[in-house]
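In what follows, every chain begins at residue 1, and chains take the letters A, B, ... in the order their sequences are listed.
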Number of protein chains: 2
Amino acid sequence: MPSVKTRAPKRNTYRHGDLRQALLAAGVELARNGGPDAVVLREATRRAGVVPNAAYRHYASRDQLLQAVRSAAMAALAVAIEAELAGLRRGRKPADFARASLRAVGTGYLRFAQAEPGLFRTAFSVPDALQGAPVPEKSGNSGLNPFQLLGAALDRLVDAGVLPPQRRLGAEYLAWSAVHGFAMLVIDGPLRSLSPAQIEVIGQRVLDMVEKGIE
Amino acid sequence: MPSVKTRAPKRNTYRHGDLRQALLAAGVELARNGGPDAVVLREATRRAGVVPNAAYRHYASRDQLLQAVRSAAMAALAVAIEAELAGLRRGRKPADFARASLRAVGTGYLRFAQAEPGLFRTAFSVPDALQGAPVPEKSGNSGLNPFQLLGAALDRLVDAGVLPPQRRLGAEYLAWSAVHGFAMLVIDGPLRSLSPAQIEVIGQRVLDMVEKGIE
DNA sequence: AAATATACTGGACAGTGTCCACATGGAGGT
DNA sequence: ACCTCCATGTGGACACTGTCCAGTATATTT
């Protein structure tokens, strides 16, 4: 056996077929374990069974590849949030439903951060104007990126009369700050050593704080 | 002129004198602009006017040097918080003073993150059990690290009767999450493009949320 | 079928962390 | 005063990285 890390599928055609996609997939896999720094161009080409320079036909630099991986990670986060939202039962009063929506966004966010810390850290590894024109690469199935999903939940709170309209402006910053900060502290901060059960409990308290603090 | 990056002070003695300290200082300077990834061992030795391998007499690896830089960054954060606390006028009622203390911790935290984003990102770049035995390398002049300074402020809130004792447990996680998350979003997240004035305003709203959400 | 554009290969270079063997010279004992 | 020890710094090397430049193979267009 030559080596454990043999990943090249021994392509026989000169062209790869879909190298761009293969590099992105390899990059995502690298980011999954290891975070942003683990996204190394040469390793990605190795896994795609191609010479290092071939990557430059599809990405102008290692950083461009990392950006693509980041977008994919952001989209995965959006999907996780959407999944949490989809699991909501719709029976109750609008106010309760709106509150539950905001909670679901936060819960999905935190679950994803714990389940995929590498991707989560990659998604936020580098500056990004999330405000700007929404690009589909960073969005989930609904076409909304995580920031927009949060905004939609807050809008629902206003519509349901739970959140006074004058408090709506900038409310996503408050909610996002609390949840994002907690996620960071959990995945590689002082709260790293807590058990999943403890994290769940404190996470819910963070969401309580947001709910109380925002209205 | 040979080069702009000439930093070697042309030592003539064989021994450096205090290479360990010089490497740490160079590392901190590198982290100040550029964050954790900019802490590169060879550059640090270059600035200390020494051959790369000399570093290994004082730090077992590049990572050990980075850890030392992190501790220094954490200590600088503690000092910034202490400075904010020291600026508090003491005249008022204990309850007001306790509230102001918590706010000062948060404000110091956010000010430092904005003033020294490189050091801030470095301080939290890598897992660290902040809970464990407090080491002086990460502490400010009071001997307390940032986490402990926050805890002390919360204790004062309890003593002043503002925060019910049963809410005290874990309260630092809530406060820390909100403030840390906001800091992250500001220095390299979606809030990066906001003006300092806007950041100040939203930052105060984050602290409002903490105050309301915690009690 | 010829020409062109596209995708990949090959070889190189500077930069990094780190390993090994070696040189230097200050501290302490005789 | 000398001599030896050994912590500290040097020199050279290796594998790894991102990236540049020049070539080569194949798909597409003419």
Side-chain angles (χ1 to χ4, degrees), chain A residues 2-27 29-31 33-70 122 125-126, chain B residues 2-27 29-31 33-70 122 125-126:
Chain A
S3 168
V4 186
K5 54 176 61 171
T6 305
R7 302 242 183 195
K10 208 62 178 266
R11 159 183 49 104
N12 50 4
T13 60
Y14 186 75
R15 305 292 173 95
H16 175 109
D18 195 1
L19 182 53
R20 183 180 192 99
Q21 191 54 40
L23 289 174
L24 178 55
E29 196 52 31
L30 288 171
N33 21 17
D37 289 352
V39 178
V40 23
L41 191 141
R42 288 179 102 107
E43 176 62 20
T45 60
R46 231 170 277 138
R47 296 191 179 194
V50 104
V51 107
N53 275 329
Y56 287 86
R57 292 290 152 183
H58 304 277
Y59 297 99
S61 66
R62 180 248 173 192
D63 198 67
Q64 292 295 305
L65 172 59
L66 180 55
Q67 298 302 330
V69 173
R70 284 189 56 239
T122 304
S125 60
V126 121
Chain B
S3 168
V4 185
K5 54 177 59 171
T6 304
R7 301 246 183 192
K10 209 59 180 265
R11 157 184 52 106
N12 50 3
T13 60
Y14 186 75
R15 306 293 171 95
H16 179 271
D18 196 0
L19 183 52
R20 182 177 194 102
Q21 191 54 39
L23 289 174
L24 178 54
E29 197 51 32
L30 289 170
N33 20 17
D37 289 352
V39 178
V40 20
L41 192 142
R42 287 178 104 109
E43 177 62 22
T45 61
R46 231 170 278 139
R47 298 191 177 194
V50 105
V51 108
N53 274 329
Y56 287 86
R57 294 290 159 192
H58 304 277
Y59 297 99
S61 66
R62 180 250 173 188
D63 198 68
Q64 292 295 305
L65 172 59
L66 180 55
Q67 298 301 329
V69 173
R70 283 189 56 240
T122 304
S125 61
V126 120

(message) Rounded to whole Å, how long is the line connecting atom OH of A/Y59 with atom C1' of D/dT19?
(response) 18 Å
(request) Show the numbers, then the answer: is there a side-chain contact (heavy atoms from CB on, under 4.5 Å) between B/L24 and B/Q21? (result) CA-CA 5 Å; B/L24 178 54; B/Q21 191 54 39; 4.2 Å; yes
(message) Please find the pair of heavy atoms, one from B/S61 and one from B/Y56, that lie closest to each other, and give the distance.
(response) CA-CE2, 4.2 Å
(request) Rounded off to whole Å, could you give me the CG-to-P distance for the B/N12 and C/dG25 pair? (result) 11 Å
(request) Taking B/R46 for its side chain and B/G49 for its backbone only, find out whether a donor-acceptor pair lies under 3.5 Å. (result) no
(message) Distance check, rounded to the nearest 0.5 Å: B/E43 atom CD versus B/L23 atom CG?
(response) 11.5 Å
(request) Could you tell me whether a side-chain N or O of B/R20 sits under 3.5 Å from a main-chain N or O of B/H58, the two making a donor and an acceptor? (result) yes
(message) Is there a side-chain contact between A/Y56 and the phosphate of D/dT19, meaning an N or O under 4.0 Å from OP1 or OP2?
(response) yes
Quick one: which protein N/O atoms are closer than 3.5 Å to N/O atoms of nucleotides 4-7 of chain D? Pair and distance per line, please.
from  : atom 1 : to    : atom 2 : distance (Å)
D/dA7 : N3     : B/R15 : NH2    : 3.2

(request) Measure from the side-chain heavy atoms of B/L41 and tell me the nearest of D/dT10, C/dG17, C/dT9. (result) C/dG17
(message) By the 4.0 Å heavy-atom rule, please label B/T13 as base, sugar-phosphate, or nothing.
(response) nothing
(message) With a 4.0 Å limit, can you tell me whether A/H58 has a side-chain N or O closer than that to the phosphate oxygens OP1/OP2 of C/dT6?
(response) no
(request) Report the distance from atom CZ of B/R11 to atom P of C/dG26, rounded to the nearest whole Å. (result) 12 Å
(request) In whole angstrom, give the distance that lies between atom CG of B/L30 and atom P of C/dG17. (result) 10 Å
(request) Consider the side chain of A/V51, meaning its heavy atoms from C-beta on, and name the nucleotide among D/dT17, D/dG9, C/dG10 that approaches it most closely. (result) C/dG10
(request) Please state how far atom CG in A/L65 lies from atom P in D/dG18, giving the value in whole angstrom units. (result) 9 Å
(request) Give the minimum heavy-atom separation between A/G35 and A/T122, together with the two atoms involved. (result) C-OG1, 3.5 Å
(request) Could you tell me the separation between the CZ atom of A/R62 and the P atom of D/dC20, rounded to a whole number of Å? (result) 15 Å
(message) Measure CG/A/L19 against P/C/dT9 and give the value in whole Å, please.
(response) 9 Å
(message) Testing the basics here: between B/A31 and B/V39, what is the closest heavy-atom pair and its distance to 0.1 Å?
(response) CB-CG2, 3.8 Å
(message) For A/L19 and A/T45: C-alpha separation, side-chain torsions, deciding distance, then whether side-chain contact (heavy atoms from CB on, under 4.5 Å) applies.
(response) CA-CA 9 Å; A/L19 182 53; A/T45 60; over 6 Å; no
For nucleotides 12-15 of chain D, list the nitrogen or oxygen atoms of the protein found under 3.5 Å from its nitrogen or oxygen atoms, one pair per line.
from   : atom 1 : to    : atom 2 : distance (Å)
D/dG12 : O6     : B/N53 : ND2    : 2.7

(message) Main chain of A/A22, side chain of A/R47: is a donor-acceptor contact present, judged purely on distance under 3.5 Å?
(response) no
